[in-house]
Asker: 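Here it is, the structure in full.
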Amino acid sequence: MPRIEKTIRKRFDSLDDLLRGIAAVGELTPRTSDKVVSYGERMSSQMMAAAFSQHGLNGAHVDARHCIITDDHFGKAVPQEAAIEAKLTELVLPLVEAGQTPVMGGFIGSNKDGITTTLGRGGSDFTAALVGGGLHAGAIEIWTDVDGIYDHRPAHLSGRAAGEDDQL
């Protein structure tokens, strides 16, 4: 089994344990909600880093929780820019200087105690801006996503425009 598959299986097992605990207690706190919703970004960034490496892009996964330091306002945490810049300089800049391609999930971080937090709506774009600023990048690019998930490619719509009925 490839290493990334083992890693993802462990993440799903951990998420399953967490969700069972929530179900047993019958309560979902903002802190626990942040932990639950962080799993998608954490797993997808690991998969992307592995895919980058597999295609010769020298991908290196960076857990955003180690770089994006926030306050304790779960669900809409406020980034601590000086701490973020220091962590990016320590953890990400050496990867870039070594010719690696850092891959990090967006919208998640952690407080000073290492507890998972989220930045709220628009947090992924915000993360990109924080990383670009923290690394003193000359520019950042944010590619806007589409409204929803479509059930087929727009080129296969036989000349008609995509409408709301095409969304899943």
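It should be emphasised that the depicted structure is a prediction, and the values quoted were computed from it without experimental measurement. The figures here come from the full heavy-atom set of this structure, side chains too, leaving out hydrogens, waters and symmetry mates.
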Asker: Drop me the distance from Ser124's OG to Ile142's CD1, to the nearest 0.5 angstrom.
Answerer: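 Answer for the OG-CD1 pair, Ser124 versus Ile142, is 9.5 Å.
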
Asker: Whether the Thr118 and Asp34 side chains hold a donor-acceptor pair (N or O, under 3.5 Å, no angle test) is what I'd like checked.
Answerer: yes

Asker: Testing the basics here: between Cys67 and Val92, what is the closest heavy-atom pair and its distance to 0.1 Å?
Answerer: SG-CG2, 3.9 Å

Asker: Please name all residues satisfying salt bridge (Lys or Arg N to Asp or Glu O under 4.0 Å) with Asp16, sequence neighbours left out, ordered by chain then number.
Answerer: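 Scan of Asp16 (salt bridge (Lys or Arg N to Asp or Glu O under 4.0 Å), adjacent residues dropped) gives Arg20.
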
Asker: Can you find a side-chain donor-acceptor pair between Ser38 and Thr116 that sits under 3.5 Å?
Answerer: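 No, Thr116 and Ser38 have no side-chain donor paired with an acceptor closer than 3.5 Å.
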
Asker: Scan side-chain atoms only and decide if Thr117 and His73 contain a donor-acceptor pair under the 3.5 Å cut-off.
Answerer: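 No donor-acceptor contact under 3.5 Å links the two side chains.
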
Asker: Which heavy atom of Ile84 sits nearest a heavy atom of Pro79, and at what distance?
Answerer: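 Taking every non-hydrogen atom into account, CD1-CB, 3.6 Å.
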
Asker: With rounding to the nearest 0.5 Å, note down the distance linking CD in Glu85 to CG in Leu135.
Answerer: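 Taking CD in Glu85 and CG in Leu135, the distance rounds to 8.5 Å.
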
Asker: Measure across Ala60 and Ala49 and return the closest heavy-atom pair with its distance rounded to 0.1 Å.
Answerer: C-CB, 4.0 Å

Asker: Can you pull the salt bridge (charged side-chain N to carboxylate O under 4.0 Å, His left out) pairs that have at least one residue in residues 35-55, sequence neighbours excluded?
Answerer: none

Asker: Remaining members of Ile22's ILVMFWY cluster at a side-chain heavy-atom cut-off under 4.5 Å?
Answerer: Ile4, Ile8, Phe12, Leu15, Leu18, Leu19, Leu28, Val36, Tyr39, Met43, Met47

Asker: Tell me, with the steps shown, if Val37 and Phe107 meet side-chain contact (heavy atoms from CB on, under 4.5 Å).
Answerer: CA-CA 10 Å; Val37 300; Phe107 107 95; 4.0 Å; yes

